[in-house]
Amino acid sequence: MSKHAVAIWGTSGHAMVVADIVRLVGEYAIAGFIDDRRPDRRGRTFCGAAVLGGREQLPELKGRGVEHMLIAVGDCRLRLCLAEIARQHGFRLAGAVHPRATVAADVTLGAGTVVMAGAVINPACRIGENVIVNTSASVDHECVLEDGVHVCPGVHLAGN
């Protein structure tokens, strides 16, 4: 069975971590990176894959059969905006959970959410779309995180 292709939008340090998670989990093959904010990176290799250009590359990616997009941008509002643009172009939002994160069996993770190494999400939590639960953060029981939230590294949210 072949892996699904995913494009990653962003070429920052956060995108490096996201690409690492994608490779560790092994569900997706990285088709390339998109970045509007760093045109100088176009045509270069980033984290082992090509930086294809900006959003003008979205139709080309769809034409190549790429169906999934992962938004790897730390800015919460921008991440939500880019996710909407990706959806308008017909992409499905991919998520990524590091293999060394702990996520309770009944947790709901929204599309596009990324959970980093060492993070813990305890029972009965609802995590919105395009959320980042960063390195070693914890979200205790029955928390609700809205779309686009970023729980910074090492932050601990109490239950309820």
List the atom of [X], the atom of [Y], and the distance in Å for their closest heavy-atom pair.
{"X": "A83", "Y": "N130", "result": "CB-ND2, 3.4 Å"}
{"X": "A96", "Y": "L70", "result": "CB-CD1, 4.0 Å"}
{"X": "A101", "Y": "V115", "result": "CB-CG1, 3.7 Å"}
{"X": "I30", "Y": "A49", "result": "CG2-CB, 3.8 Å"}

Quiz item: Does one hydrophobic cluster hold both V144 and V107, with members joined at side-chain heavy-atom distances below 4.5 Å?
Solution: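 Different clusters: V144 never reaches V107 through Ile, Leu, Val, Met, Phe, Trp or Tyr contacts under 4.5 Å.
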Scan the side chains in residues 11-23 for donor-acceptor partners under 3.5 Å anywhere in the protein, sequence neighbours excluded, and list what turns up.
from, atom 1, to, atom 2, distance (Å)
T11, OG1, D35, OD2, 2.4
T11, OG1, R41, NH1, 3.2
S12, OG, H14, N, 3.2
S12, OG, A15, N, 3.4
R23, NH1, C47, O, 2.6
R23, NH2, C47, O, 2.5

Quiz item: With a cutoff of under 4.5 Å between side-chain heavy atoms, which Ile, Leu, Val, Met, Phe, Trp and Tyr residues group with L52?
Solution: W9, I34, L58, L61, V66, M69, I71, V73, L78, L82, I85, F91, L93
How about [X] and [Y]: do any of their side-chain heavy atoms sit closer than 4.5 Å?
{"X": "I121", "Y": "T102", "result": "no"}
{"X": "V6", "Y": "H4", "result": "no"}
{"X": "H141", "Y": "C125", "result": "no"}
{"X": "I132", "Y": "R79", "result": "yes"}
{"X": "Y28", "Y": "K3", "result": "no"}

Self-check item: Derivation of the side-chain contact (heavy atoms from CB on, under 4.5 Å) call for V103 and V97
Solution: CA-CA 9 Å; V103 179; V97 177; 4.0 Å; yes
Quiz item: Among pairs that include at least one residue of residues 32-56, which meet ring pair (Phe, Tyr, Trp, His ring centres under 6.0 Å), considering only residues two or more places apart or in two chains?
Solution: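 Checked against ring pair (Phe, Tyr, Trp, His ring centres under 6.0 Å) - neighbours excluded - the pairs reaching residues 32-56 are F33-F46.
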Quiz prompt | With sequence neighbours excluded, residues passing salt bridge (charged side-chain N to carboxylate O under 4.0 Å, His left out) with R55 | solution =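 Per chain and number, R55 pairs via salt bridge (charged side-chain N to carboxylate O under 4.0 Å, His left out) with D36.
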Self-check item: R42: side-chain hydrogen bond (donor to acceptor under 3.5 Å, both in side chains) partners, not counting sequence neighbours
Solution: E56
Quiz item: CG/L24 to CZ/R100 distance, rounded to the nearest 0.5 angstrom?
Solution: 6.5 Å
Quiz item: Between CG of D140 and CG of N122, what distance do you get to the nearest 0.5 Å?
Solution: 4.5 Å
Identify every side-chain donor-acceptor pair in residues 145-160 under 3.5 Å, counting partners at least two apart or on other chains, and give the distances.
from, atom 1, to, atom 2, distance (Å)
D147, OD1, E129, N, 2.8
H150, NE2, N134, ND2, 2.9
H156, ND1, S138, OG, 2.6
H156, NE2, G154, O, 3.2

Practice problem: Return yes if some donor-acceptor pair links the side-chain N/O of K62 with the main-chain N/O of E67 below 3.5 Å, else return no. | Solution: no
Self-check item: Other residues, nucleotides, ligands: >12 heavy atoms within 6.0 Å of R37 CZ
Solution: no
Practice problem: Decide side-chain contact (heavy atoms from CB on, under 4.5 Å) for V133 and V114; before the verdict, give the C-alpha distance in whole Å, the side-chain angles of both, and the deciding distance to 0.1 Å. | Solution: CA-CA 6 Å; V133 180; V114 178; over 6 Å; no
